[in-house]
Structure formats: structure tokens, C-alpha cells
Amino acid sequence: MGIRERQRILENIARLRRVEKEFPNGDIAMVREDLESQLGGAVSRNLSANLLGVSHTALNNWIAAGDVPVVISERGRKELPIPVLLELQDKVADERRSGRRKLHTLEPAMTEARHRAEKMRPRATIARSLRRSDPHRLPELRSLAYHRALAPRLRRPRIDEAQRKLQRWKEEGKIDPLHAQAWEEVLAMSMQKIRKVITADDERGRDLRQNSPLAGMLSEAERRKILEEV
């Protein structure tokens, strides 16, 4: 697929995202996510900068500072995950509509994420689990801290997104059917119960978090804060 074709698909994804935000619709979301999968789930930094309307240098600086997550492509190049890119585009659009800034439109979004990360106390949220833990539990404790940081912010659109991701994993054979069924049952619960289940330090919670469709919903700054403290 050529660069122009990838750019056209990316722009269509962004258009669908705008319509989806104004008129929430599961069918629109499925079409958007199908297009994302056609691009491999991530795009180059050049395409990302063009979509955001920022300079390549500015975007590379944010990446170098660790504020924007990247994945490594099959060719060994740093690319931006499309869901991250779409969220950044939303924030850039909001900032431009506000009229507060005309330059450095990514700065407010990055600053907000840093402030949220600074307020986090991930180690404190799992203090009781740490006291009875062993070194082999480190990945699980980080996942526990992640879900406890995310839980208070969960809203229905995030749950809908997780359900669609789970359905896609099932279709692509990326999750065990038993794990998929367990998550389907949890995501069908009330918000209060979902928060309770995903943050429980028990066998059920640990099993669920090993294959979580809620992964990737915190900012890069928040993710790094968890890795630093836990």
C-alpha cells in the first residue's frame, strides 16, 4: 500500500471518528476499526504529523520526551498507534477551537497528561499487595496499579471500545474463548461492578487482567509513572 493510499485511509478514519463522536454508533466504530486494522494499527510519524497539522520536528520532540508512545514497525521504524493519534487529534482540535493558542497545539495535551501522572500514587494503591508479594508478581502488580488508576475514569464509551476490541480479538483468534467469555460477562455489568472486579487483587481479577481489553487507555506519562514506582 502506497503512502497516498495510507494517508487517504487515515483521513477517512479520522472523519469516521468525528462522526462517531457526534453520533455514537457501533457500526461506524466497527468500520473505523476495520480500516485501522488495514493500516496495521499504526502509522508513520510523517503521516501522524500531517494529520495533526503539526511540524514533524515538534512531534518527534514529544516522542523523544516520552510523552507520545510509539511502536516499532516490521521495518524497525517508530510509528504511532492509531488510537493514540486519534485522541491527540481530538485534543489538538479542541485547543484550536478554544482560540487560546495557534502554535504548539500539542503542548496543552502533553501538559495535562503530565499533571495527571504527577498526581498519581500507583505504589500507594497496591501497598497491601506489595507487602505480601514476591518478585515474580511484578508484572501483575503493575497491571493491578494500571487498572486501579483507570477504574475511576471509566465511562460507557471506554467500555464500548473495550467490547469492540474484545470482539475483534475473538474474530482474529487473539484471545482464549474462556477468557473472552469472562470479559464479556464483566463488561456487561454496571459501571460500579466493573470497577470493583477489574481492581480486585484476587484470582478472578488477576486472570482477567492477563488479557485486558482495557489496556492502552492511560496516557504514556501515566504508564511510565507506574513503571517507575511499581
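The structure displayed is predicted, hence computed values, not measured ones.
Applying the 6.0 Å contact sphere to CD of Glu172 captures more than 12 heavy atoms from other residues, nucleotides or ligands. At most 12 non-hydrogen atoms from other residues, nucleotides or ligands lie less than 6.0 angstrom from CD1 of Ile3. Dense packing is recorded around CZ of Arg153, with more than 12 heavy atoms of other residues, nucleotides or ligands lying under 6.0 Å away.
Taking 4.5 Å as the limit, every side-chain heavy atom of Ile28 sits out of range of all side-chain heavy atoms of Lys21. The closest side-chain heavy-atom distance from Ile198 to Leu154 is below 4.5 Å. Asp201 is listed as a side-chain neighbour of Arg206, based on a closest heavy-atom distance under 4.5 Å. Side-chain atoms of Glu161 and Met217, non-hydrogen and from C-beta on, do get closer than 4.5 Å to each other. With contacts defined as side-chain heavy-atom distances shorter than 4.5 Å, the pair Arg121/Lys225 qualifies. Between Asn61 and Thr57, some side-chain heavy-atom pair lies under the 4.5 Å cut-off. You'll find the side chain of Gln89 reaches within 4.5 Å of the side chain of Arg18, heavy atoms only. Between Glu79 and Val70 there is no side-chain heavy-atom pair separated by less than 4.5 Å.
The two atoms that bring Pro213 and Ala162 nearest to each other are CB-O, 3.6 Å, heavy atoms only. The minimum heavy-atom distance linking Ala151 with Arg195 is given by the pair O-NE, 2.8 Å. Pro83 and Gly41 make their closest contact through CD-O, 4.2 Å (heavy atoms, listed as atom of the first residue, atom of the second, distance). Nearest heavy atoms, Val186 versus Arg204: CG2-NH2, 3.9 Å. In this structure, Pro152 and Arg148 approach most closely via the heavy-atom pair CD-O, 3.3 Å. Of all heavy-atom pairs spanning Leu218 and Ala149, the tightest one is CD1-CB, 4.1 Å.
The pair Glu20-Arg17 fails the salt-bridge criterion, with no side-chain N (NZ, NE, NH1 or NH2) lying under 4.0 Å from an Asp/Glu carboxylate O. With respect to the salt-bridge test (charged N to carboxylate O, under 4.0 angstrom), the residues Arg32 and Glu36 qualify. A salt bridge links Lys170 and Glu184; the closest N-O separation between the charged side-chain nitrogens and carboxylate oxygens is under 4.0 Å. Ion pairing between a basic and an acidic side chain is recognised when a charged N comes within 4.0 Å of a carboxylate O; Arg8 and Glu11 show no such pairing.
Atom-to-atom distance recorded for Arg142:CZ and Glu228:CD is 10.0 Å, nearest 0.5 angstrom. Here CD of Glu33 is found 10.5 Å from CG of Leu35. Values are rounded to the nearest 0.5 Å. Here the CG atom belonging to Asn211 is positioned 9.0 Å from the CH2 atom belonging to Trp183, to the nearest 0.5 angstrom. Atoms CD and CD1, from Gln181 and Ile175 in turn, are 11.0 Å apart once rounded to the nearest 0.5 Å. Atoms CD1 and CZ, from Ile72 and Arg77 in turn, are 11.5 Å apart once rounded to the nearest 0.5 Å.
A distance-only check finds no donor-acceptor pair linking the side chain of Arg45 to the backbone of Leu80 [under 3.5 Å]. Judged by distance alone, the side chain of Glu140 and the main-chain N or O of Arg137 form no donor-acceptor pair under 3.5 Å. In this structure a side-chain-to-backbone donor-acceptor pair under 3.5 Å is missing from Asp34 to Met30. Distance alone, capped at 3.5 Å, is enough to place a donor-acceptor pair between the Tyr146 side chain and the Gly216 backbone. The closest donor-acceptor contact from the side chain of Lys165 to the backbone of Ala215 lies under 3.5 Å.
Met191 and Met189 fall within the same hydrophobic cluster, where Ile, Leu, Val, Met, Phe, Trp and Tyr residues are linked whenever their side-chain heavy atoms come under 4.5 Å apart, directly or through other members. A single hydrophobic cluster is seen to contain both Met1 and Leu47, as judged by linkage of ILVMFWY side chains at heavy-atom distances under 4.5 Å, directly or through other members. Note: the hydrophobic cluster containing Leu138 also contains Leu144 (ILVMFWY, side chain heavy atoms under 4.5 Å, direct or indirect links). Clustering ILVMFWY residues whenever any of their side-chain heavy atoms sit less than 4.5 angstrom apart, transitively, puts Ile63 in a cluster other than the one holding Leu227.
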Criterion side-chain contact (heavy atoms from CB on, under 4.5 Å) on Val68 and Glu220, from CA distance to verdict: CA-CA 6 Å; Val68 177; Glu220 182 66 5; over 6 Å; no
Test side-chain contact (heavy atoms from CB on, under 4.5 Å) applied to Val84 and Glu87, step by step: CA-CA 5 Å; Val84 171; Glu87 288 209 6; 5.9 Å; no
side-chain contact (heavy atoms from CB on, under 4.5 Å) between Ile82 and Leu86, worked out: CA-CA 6 Å; Ile82 295 175; Leu86 294 177; 4.0 Å; yes
Test log, rule side-chain contact (heavy atoms from CB on, under 4.5 Å), inputs Leu10 and Leu85: CA-CA 10 Å; Leu10 182 60; Leu85 177 59; 4.1 Å; yes
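Side-chain contact annotation: Asp207 with His179, donor-acceptor N/O pair under 3.5 Å absent.
Of the options Leu214, Val197, Thr125, Leu208, a side-chain contact (heavy atoms from CB on, under 4.5 Å) to His147 is made by Leu214 and by none of the others. Residue Gln167 is tested with Arg164, Gln163, Glu171 for a side-chain hydrogen bond (donor to acceptor under 3.5 Å, both in side chains); the sole match is Glu171.
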